[in-house]
Chemist: 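To start, I am sharing the structure in question, which I have written as structure tokens.
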Amino acid sequence: MAKEPVRVLVTGAAGQIGYALVPMIARGVMLGPDQPVILHMLDIPPAAEALNGVKMELVDAAFPLLKGVVATTDVVEACTGVNIAVMVGGFPRKEGMERKDVMSKNVSIYKSQASALEKHAAANCKVLVVANPANTNALILKEFAPSISEKNITCLTRLDHNRALGQISERLSVQVCDVKNVIIWGNHSSSQYPDVNHATVKTPAGEKPVRELVKDDEWLNAEFITTVQQRGAAIIKARKLSSALSAASSACDHIRDWVLGTPEGTWVSMGVYSDGSYNVPAGLIYSFPVTCQNGEWKIVQGLSIDEFSRKKLDLTADELSEEKALAYSCLS
């Protein structure tokens with residue numbers, strides 16, 4: 001029997017990431033090749049014409065799984081009945097702007113979108129925040145959508161996770177699908193900590209630790225980390241535009257694993273609500289290694305954390321605590 005369509009909201013849908021993301025969703029990359037979808041696309045009034053152009057292209061592409069498109073500038077219409085919300089829209093930092101200015105703009109955007117999701121989304125709606133500062137935007141959304149469980153509000157660090165996998169696969173000249181269990185700890189910012197201490201590579205002789213194969217701790221503890229941390233900036237320098245294709249692809253990966261489950265023995269990185277695991281302050285949205293099953297994520301427990309890693313985990317937690325204080329000061 002055919003499945004009921006899932007309603008997927010994409011905010012900022014006329015932007016670069018939205019434009020890359022909506023065809024992936026319509027093609028089944030996010031929810032699987034047999035799951036029909038109805039796309040809800042939201043953008044601001046000045047982008048209404050561009051948004052309509054995206055809708056026209058979706059119609060023209062004749063995606064078999066796409067059972068309907070709602071393209072709107074009205075936040076209530078956009079949020080009504082949605083099962084999954086991918087929050088791509090946000091206010092980007094512009095030249096000469098202070099962090100507090102950006103934070104205050106995003107606080108007001110996320111406050112209004114959270115209220116609309118709170119009142120109009122389907123029960124058990126899953127939310128993924130992509131727009132930066134992603135961790136703190138997710139926290140604000142949680143604040144103003146109290147009936148949405150903290151288990152259902154996440155932010156995107158899968159892009160950083162995938163970047164880390166890509167760097168290891170290039171360094172070792174192996175297929176990226178053979179590398180697994182890297183971890184992104186903390187904030188989706190340049191303070192994040194890409195950790196390979198528990199990562200492995202599938203080889204003809206079985207799974208081997210990444211550190212054993214790379215045989216270069218100096219590279220793994222320095223250049224590898226900064227390359228992953230600064231990858232977004234490097235792409236802006238090269239493209240003169242921020243990462244769109246890779247961000248869209250990793251948003252699909254994040255939701256797909258969350259909804260359909262992670263493979264046995266594999267974990268992924270997700271920004272989730274901290275319960276105090278690994279001595280990370282509770283109440284932050286922080287990136288942890290997680291496994292997913294039956295639509296629920298669970299933090300991987302019991303991993304050993306060396307002294308080098310401990311400092312990195314604490315540093316990014318401190319930054320998130322500062323961001324949280326800044327965001328809350330914008331609420332008053």
Chemist: Would you confirm whether K151, through its side chain, and I148, through its main-chain N or O, come within 3.5 Å as a donor-acceptor pair?
Modeler: no
Chemist: Hey, what do you get for CG (D160) to OG (S269), rounding to the nearest 0.5 Å?
Modeler: 8.0 Å
Chemist: At their closest point, which heavy atom of A114 faces which heavy atom of A145, and how far apart are they?
Modeler: O-CB, 3.7 Å
Chemist: If you look at every heavy atom in K142 and I153, which pair is closest and at what distance?
Modeler: CA-CD1, 3.5 Å
Chemist: Which donor-acceptor pairs under 3.5 Å do side chains of residues 71-79 form with protein atoms, sequence neighbours excluded?
Modeler:
unit_1	atom_1	unit_2	atom_2	d
T72	OG1	D74	N	2.9
T72	OG1	E77	OE1	2.7
D74	OD2	V76	N	3.3
D74	OD2	E77	N	2.7

Chemist: Mind listing the side-chain donor-acceptor pairs of residues 257-264 below 3.5 Å, one per line with the distance, residues two or more places apart or on another chain?
Modeler:
unit_1	atom_1	unit_2	atom_2	d
D257	OD2	R158	NH1	2.8
D257	OD2	R158	NH2	3.0
W258	NE1	G295	O	3.3
T262	OG1	C292	N	3.0
T262	OG1	C292	O	3.3

Chemist: Are more than 12 heavy atoms from other residues, nucleotides or ligands located less than 6.0 Å from atom CZ of F224?
Modeler: yes
Chemist: Is it true that the side chains of N187 and E323 contain a donor and an acceptor less than 3.5 Å apart?
Modeler: yes
Chemist: Can you tell me how far CH2 of W297 sits from NE2 of H254, rounded to the nearest 0.5 angstrom?
Modeler: 10.0 Å
Chemist: Does F63 have any ring pair (Phe, Tyr, Trp, His ring centres under 6.0 Å) partners at least two apart in sequence or in another chain, and if so, which?
Modeler: none
Chemist: Taking atom OG of S243 and atom CD1 of I236, what is their separation to the nearest 0.5 Å?
Modeler: 6.5 Å
Chemist: Could you check whether any side-chain heavy atom of L303 comes within less than 4.5 Å of a side-chain heavy atom of I183, counting everything from C-beta outward?
Modeler: yes
Chemist: Give the table of side-chain donor-acceptor pairs shorter than 3.5 Å for residues 168-179, with sequence neighbours excluded, one pair per line with atom names and distance.
Modeler:
unit_1	atom_1	unit_2	atom_2	d
S169	OG	G166	O	3.3
R171	NH2	D216	OD2	3.0

Chemist: Between D314 and R310 (salt bridge meaning N to carboxylate O under 4.0 Å), is one present in this structure?
Modeler: yes
Chemist: What pairs with E296 under salt bridge (Lys or Arg N to Asp or Glu O under 4.0 Å), at least two apart in sequence or on another chain?
Modeler: none
Chemist: Side chains of V10 and L39: closer than 4.5 Å at any heavy-atom pair?
Modeler: yes
Chemist: At what distance, to the nearest 0.5 angstrom, does OG of S246 lie from CD1 of I235?
Modeler: 5.0 Å
Chemist: Indicate yes or no: at least one non-hydrogen side-chain atom of Q192 is less than 4.5 angstrom from one of T157.
Modeler: no
Chemist: Determine the minimum heavy-atom distance between V228 and A164, stating which atoms define it.
Modeler: CG2-CA, 3.8 Å
Chemist: Using 0.5 Å steps for rounding, measure from the CZ atom of R163 to the OG atom of S250.
Modeler: 7.5 Å
Chemist: By side chain to side chain contact (heavy atoms under 4.5 Å, CB included), which residues pair with A244, not counting sequence neighbours?
Modeler: Q16, I17, R239
Chemist: Spell out, yes or no, whether L320 and L159 are grouped together once hydrophobic residues are joined by side-chain heavy atoms under 4.5 Å, including indirect joins.
Modeler: yes
Chemist: If only side-chain N and O atoms count, and only distance matters, is there a donor-acceptor pair under 3.5 Å linking S309 with N197?
Modeler: yes
Chemist: Within the supplied structure, the quantity of interest is the number of heavy atoms (other residues, nucleotides, ligands) at a distance under 6.0 Å from K111 NZ; does it exceed 12?
Modeler: no
Chemist: Taking atom types as modelled, is there a side-chain donor on S189 or E319 under 3.5 Å from an acceptor on the other?
Modeler: yes
Chemist: Could you tell me which residues satisfy ring pair (Phe, Tyr, Trp, His ring centres under 6.0 Å) with Y278, sequence neighbours excluded, listed by chain and number?
Modeler: W185
Chemist: Any link between L117 and I285 through a network of hydrophobic side chains (Ile, Leu, Val, Met, Phe, Trp, Tyr) touching at under 4.5 Å?
Modeler: yes
Chemist: Check side chain to side chain contact (heavy atoms under 4.5 Å, CB included) between N106 and all other residues, then give those that pass, not counting sequence neighbours.
Modeler: F91, V102, I109, Y110, P133, N137
Chemist: Mind jotting down which residue pairs meet the ring pair (Phe, Tyr, Trp, His ring centres under 6.0 Å) criterion with at least one end in residues 126-179? Sequence neighbours excluded, please.
Modeler: none
Chemist: Applying side chain to side chain contact (heavy atoms under 4.5 Å, CB included), can you list everything that pairs with E49, at least two apart in sequence or on another chain?
Modeler: none
Chemist: Please answer whether the main-chain N or O of L313 pairs with a side-chain N or O of Y286 as donor and acceptor at a distance below 3.5 Å.
Modeler: yes
Chemist: Do S147 and E118 have side-chain atoms, one donor and one acceptor, less than 3.5 Å apart?
Modeler: yes
Chemist: What's the shortest heavy-atom distance between L65 and G28, and which atoms?
Modeler: CD1-CA, 3.6 Å
Chemist: Say whether L156 and L42 are linked into one hydrophobic cluster, either directly or through other cluster members, by side-chain heavy-atom distances under 4.5 angstrom.
Modeler: no
Chemist: Give a yes or no on whether E307 atom CD has more than 12 heavy-atom contacts from other residues, nucleotides or ligands under 6.0 Å away.
Modeler: no
Chemist: A14: which residues meet the side chain to side chain contact (heavy atoms under 4.5 Å, CB included) condition with it, sequence neighbours left out?
Modeler: D43, A47, A50, L51
Chemist: Would you list the pairs meeting side-chain hydrogen bond (donor to acceptor under 3.5 Å, both in side chains) in which at least one residue belongs to residues 221-236, sequence neighbours left out?
Modeler: R211-N221
Chemist: Got a second to check how far T200's OG1 is from K208's NZ, nearest 0.5 Å?
Modeler: 11.5 Å
